[in-house]
Amino acid sequence: QVQLVESGGGLVQAGGSLRLSCAASGRTFSSSNMGWFRQAPGKEREFVAAVRWSGDSTYYADSVKGRFTISRDNAKNTMYLQMNNLKPEDTAVYYCAARGEGSSWYGIDRRMNPFSYDYWGQGTQVTVSS
């Protein structure tokens with residue numbers, strides 16, 4: 001069982017930066033593949049980035065590649081999303097999510113599919129003004 005709490009959202013101007021954090025409790029965090037998703041009003045939840053349980057492999061949506069960086073610190077049971085050069089279209093509620101212990105990192109479709117994730121945080125709002 002993993003409990004997730006996001007923080008770090010807020011209002012920022014276009015071109016600015018924010019760092020989101022996802023604090024996890026539960027003994028399986030360090031063995032869980034993790035991801036960030038976002039959902040804008042009236043839109044479906046979409047994949048943003050994923051990180052392997054060991055932290056040595058990452059994957060990004062094309063829309064954020066080169067601007068966002070996902071990372072994790074297993075010693076602190078925390079995952080991060082550094083967001084640079086933010087754009088108004090990045091405005092959304094951002095969610096962190098964890099896959100079940102033992103899930104495979106391999107398989108891009110599963111990595112990007114929200115239904116592949118078993119645990120979710122409550123979300124944090126990111127608003128980018130133009």
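Worth knowing before you read on, the calculation uses all heavy atoms, side chains too, and leaves out hydrogens, waters and symmetry mates. The residues of the chain are indexed from 1 along the displayed sequence. This one's a predicted model, so the numbers in the text were calculated from it and none came from an experiment.
- Within the model, atoms OG of S104 and CZ of R110 stand 5.5 Å from one another, a figure rounded to the nearest 0.5 Å.
- A cation-pi geometry, defined here as NZ or CZ lying under 6.0 Å from the six-membered ring centre and within 45° of its normal, does not hold between R99 and W105.
- Note that the CG atom of N74 and the OG atom of S31 stand 8.5 Å from one another [nearest 0.5 Å].
- With a 4.5 Å cut-off on side-chain heavy atoms, K87 and R67 count as touching.
- Classification of the Y59-F47 ring pair by plane angle, with boundaries at 30° and 60°, yields tilted.
- Following chains of ILVMFWY side-chain contacts shorter than 4.5 Å, one cannot reach F115 starting from Y117, and the two form parts of different hydrophobic clusters.
- Annotation: cation-pi geometry satisfied between R72 and F29 (NZ/CZ under 6.0 angstrom from ring centroid, within 45° of ring axis).
- Contact between S130 and A14 at its shortest, heavy atoms only, is CA-CB, 4.4 Å.
- Once rounded to the nearest 0.5 Å, the distance linking OG of S21 with CG of L81 reads 9.5 Å.
- Between Y95 and V48 there is no side-chain heavy-atom pair separated by less than 4.5 Å.
- Under a 3.5 Å cut-off, the side chain of T127 and the backbone N or O of L11 do not form any donor-acceptor pair.
- In this structure, a donor-acceptor pair under 3.5 Å is present between the side chains of S17 and N84.
- Side chain of T91 to backbone of E89: no donor-acceptor contact under 3.5 angstrom is found.
- Counting heavy atoms from C-beta outward, L20 and V126 have side chains that approach closer than 4.5 Å.
- The side-chain tip of R19 points at the ring of Y80 from less than 6.0 angstrom away and within 45° of straight on.
- T78 and K76 make their closest contact through OG1-O, 2.8 Å (heavy atoms, listed as atom of the first residue, atom of the second, distance).
- Smallest separation of non-hydrogen atoms from W36 and E6: CZ3-CG, 3.9 Å.
- Note: Y94 and F68 have tilted aromatic rings, judged against thresholds of 30 and 60 degrees for the angle between ring planes.
- With hydrophobic clusters built from ILVMFWY side chains whose heavy atoms lie under 4.5 angstrom apart, W120 shares a cluster with M112.
- N33 places no side-chain N or O within donor-acceptor distance of the main-chain N or O of R52, the cut-off being under 3.5 Å.
- Two different hydrophobic clusters hold F37 and L18 under the rule that ILVMFWY side chains link at heavy-atom gaps under 4.5 Å.
- Using modelled atom types, one finds a donor on one side chain and an acceptor on the other under 3.5 Å when comparing Q3 with S25.
- When all heavy atoms are compared, the tightest approach of L4 to A24 is CD2-CB, 3.6 Å.
- Both V12 and V64 are assigned to one and the same hydrophobic cluster, defined by single-linkage of ILVMFWY side chains at heavy-atom distances under 4.5 Å.
- A salt bridge links K65 to D62: at least one charged side-chain nitrogen sits closer than 4.0 Å to a carboxylate oxygen.
- Contact of the V51 side chain with the M79 side chain is registered, since non-hydrogen atoms from C-beta on lie closer than 4.5 Å.
- Interatomic distance, M34 CE to Y119 OH, rounded to the nearest 0.5 Å: 11.5 Å.
- Closest approach of Y60 and A49 over heavy atoms only: CD2-CB, 3.6 Å.
- Residues Q122 and V5 approach most closely at OE1-CA, 3.7 Å, considering heavy atoms.
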